[in-house]
Peer 1: 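There's a structure below that I have some questions on.
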There are 2 protein chains.
Amino acid sequence: MKFTVNRFEFIKSLTDVQRAISTKTTIPILTGLKLKLEARGLTLTGSNADISIETFIPAEDDNFQLEVQEPGQIVLTARIFSEIIKKLPEDKLTLEVTNNYQTEITSGSASFNIKGLDAENYPHLPEITTSNTLDLESDILKQIISQTVIAVSTQESRPILTGVHLTIENGELVAVATDSHRLSKRKITMLDAADSSYDVIIPGKSLSELSKMINEDASKVKVRITENQVLFEFNNTTFYSRLLEGNYPDTDRLIPKDSATAIDFSADEFLSSIERASLLSHAGQNNVVKLELDTGKQEATIYSNSPEIGNVEEKLKFQKLIGENIEISFNPDYMKDALRSFGQSTITVSFNAPLRPFTLVPSEDQDHFIQLITPVRTY
Amino acid sequence: MKFTVNRFEFIKSLTDVQRAISTKTTIPILTGLKLKLEARGLTLTGSNADISIETFIPAEDDNFQLEVQEPGQIVLTARIFSEIIKKLPEDKLTLEVTNNYQTEITSGSASFNIKGLDAENYPHLPEITTSNTLDLESDILKQIISQTVIAVSTQESRPILTGVHLTIENGELVAVATDSHRLSKRKITMLDAADSSYDVIIPGKSLSELSKMINEDASKVKVRITENQVLFEFNNTTFYSRLLEGNYPDTDRLIPKDSATAIDFSADEFLSSIERASLLSHAGQNNVVKLELDTGKQEATIYSNSPEIGNVEEKLKFQKLIGENIEISFNPDYMKDALRSFGQSTITVSFNAPLRPFTLVPSEDQDHFIQLITPVRTY
């Protein structure tokens, strides 16, 4: 095996694949990166128990300046290999596998010799046989991910809640996540998926990694779903994730249908106020802030206090406040995550009672995105 | 006590003083920041066992927009106070101490109430009675610090080596540091200090903190030295450091007077080569790289290897190579620190024998800056 490649373009591909490679794994060969060289180009593969990433450097793409001198394959320890590539002196590098998996990497007058492993021992990636694909705009996919993964559970006690529940039916895609304290639900219409029907749970961590990899170069992402794998294709990259097994709880019944009090905020202004209040709630034992809405006086006030340090009080700016007076306490960190996902839009927050979950929706389009937060009992 | 101040300018002063404040201290009041308000302005003070920093916000300086409403003093927990100030909503803030050291901080519609401590219990800073001051250009001082602190010992087994030895005599300032494996020595001529004579040891950590605080605003730094304290004054800031007690070892005898082999490198090119070689030396058990100089062939080659991972070899570019052939092994991390302190200049590295210390000096001005590194025995 022997090739020459542009070092900077190669580093980009390497960085993508490395997202799937962990230095802590019980399967030693998975700390490695697989390189497979064919006449048509070079394929890099990285994998861990949950995700696998494959990226292809085409021989015909002039950016990569790939020269295929002798096809072959090798597995190299990803961490040290990537450090070496990043430090090489010149714009190009040559990699050659000599006898016994010894691999020589040269660039300018620097020459590294490292031990490789037999690529025959590298696990095979799952074969995806389905030809059914869904096309998603990459920015919409990134938005769906960022708006739902915030509510994914980080606790392994109920593994199913560490995933995002994705259903596609009647031309509508619905993504839901909940850690049982909060919930986030996003819908989009997919006209060209009208005859498809899917119901899968994708690990939140896989989606977060995927989202980091999709950059502005990719306008479309192709999605293929099989029984236990989902596959995302964009540019020259393929991202595999395992699916979570089990039944996702029915979340629709959690979302209240009506409300007693509603207030319209600018999401980013409300976020700043919550960030201030949480300075003191974080310092205390109970991480709680209190919101008091007085519809008669048309006042919204936020409070927090830490017995050791002090307290904070702030009158909030809002656009509209209607309904009954209410005092409600909640975890400000849940509120911050929720508010960040709305960006700079105006949101409507709707309450029923001090101990009933409340909801946040964009004031303009209340049907396609909803976040729900369970309040905290403070007495 | 009550004042109003521009929040952004106040944050800058606060950030400076916070460098001296540690959250881990056995003296609780030292986790606090002292604020002292007088008609002429506001003084902020922070301190730990080693350094104290005082910065003054003058009432007459329009940038700070300081309005002194009622003089007084208070001590506030530095960490939470600074977090609050950074998150406040408006450009200005008002701070008022009410009864029982309760402190109200307001900005826009946000109002924080935190508990303060009696400033009478805050330790007094050392009084510096000497009126003798030395003036140093701030960029020269920063250079002296960065060139010497790299060689300061980080081990407390010989406390005296954790400092930089500073002597001023006959109009010459000499700064030396050594951790007994390497040494760095910098000289400057100070014509206006011709009649001063000092011999002190300043903790390396103090100098590193000081260097971070001196920014481009300060052109001159005034230095005052007393028996057990040194004080640096610049802009509206005063930086106090304790001195180390004891006798610094005589280092002049360590520096070889002649050499058998000498090579001229561009410091930054040599640095890149050493960084590559150290990728493999770090992976192995012995962090060592080998330099082989062949004056007959006019070749300089660097090697490193890790039995588990592989090896690296690189022919180095150089400007001049004279004297006897030599093979010498050293810790690449010491070499990297030394090379970085030369920037992009050309340096002369001089060797005597494989187990004798070697030196690095700027090729252009060999008298004012020298670094020495002890090689490693590899057999």
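Per chain, numbering begins at 1; letters A, B, ... match sequence-line order. Remember, predicted model here, so these are calculated numbers, not experimental data. Below, all heavy atoms of this structure are taken into account, side chains as well, without hydrogens, waters or symmetry copies.
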Peer 1: Can you name the closest pair of heavy atoms from A/E83 and B/L279 and give their distance?
Peer 2: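 That closest heavy-atom pairing would be O-CD1, 3.5 Å.
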Peer 1: Among B/L280, B/T77, B/I302, who wins on heavy-atom pairs under 4.5 Å with chain A?
Peer 2: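 Top count of heavy-atom pairs under 4.5 Å with chain A: B/L280.
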Peer 1: For chain B, find which of A/E275, A/K86, A/E104, A/K317 contributes the most heavy-atom pairs closer than 4.5 angstrom.
Peer 2: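 Top option by heavy-atom pairs under 4.5 Å: A/E275.
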Peer 1: Name the member of B/H282, B/E308, B/E314 that forms the most heavy-atom pairs with chain A at distances under 4.5 Å.
Peer 2: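 The option with the most such pairs is B/E314.
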Peer 1: Sort A/S272 into side chain, backbone, both or neither according to what part of it lies under 4.5 angstrom from a heavy atom of chain B.
Peer 2: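 For A/S272, neither part sits under 4.5 Å from chain B.
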Peer 1: At a heavy-atom separation under 4.5 Å, does B/I80 approach chain A through its side chain, its backbone, both, or neither?
Peer 2: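 It is the side chain, since no backbone atom gets that close.
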Peer 1: Write down the atom of B/K315, the atom of A/S109, and the distance for their closest heavy-atom approach.
Peer 2: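 That would be O-OG, 2.9 Å.
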Peer 1: Just verifying a value: how many Å separate A/Q102 CD and B/N311 CG, rounded to the nearest 0.5 Å?
Peer 2: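 The CD atom of A/Q102 sits 7.5 Å away from the CG atom of B/N311.
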Peer 1: So, taking the atom named CG in A/N305 and the one named CG in B/N113, what distance separates them when rounded to the nearest 0.5 Å?
Peer 2: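 Between atom CG of A/N305 and atom CG of B/N113 there are 10.5 Å.
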Peer 1: With a sphere of 6.0 Å drawn around CG of A/N286, does it hold more than 12 non-hydrogen atoms of other residues, nucleotides or ligands?
Peer 2: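 No, the 6.0 Å shell around CG holds no more than 12 heavy atoms from other groups.
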Peer 1: Has B/Y101 got more than 12 heavy atoms of other residues, nucleotides or ligands less than 6.0 Å from its OH?
Peer 2: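 No.
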Peer 1: Rounded at 0.5 Å granularity, tell me how far CD1 in B/I309 sits from CD1 in A/I84.
Peer 2: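 So the CD1 of B/I309 and the CD1 of A/I84 are separated by 8.0 Å.
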Peer 1: How about CZ on B/R7, more than 12 heavy atoms from neighbouring residues, nucleotides or ligands closer than 6.0 Å, or not?
Peer 2: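 Result for CZ/B/R7: enclosed.
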Peer 1: May I ask you to check whether over 12 heavy atoms, not counting those of B/K290, lie within 6.0 Å of atom NZ?
Peer 2: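 Enclosed: over 12 neighbouring heavy atoms sit under 6.0 Å from NZ of B/K290.
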Peer 1: Quick check: closest heavy atoms across A/P307 and B/K115, and the distance to 0.1 Å?
Peer 2: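 A/P307 and B/K115 have their closest heavy atoms at O-NZ, 3.0 Å.
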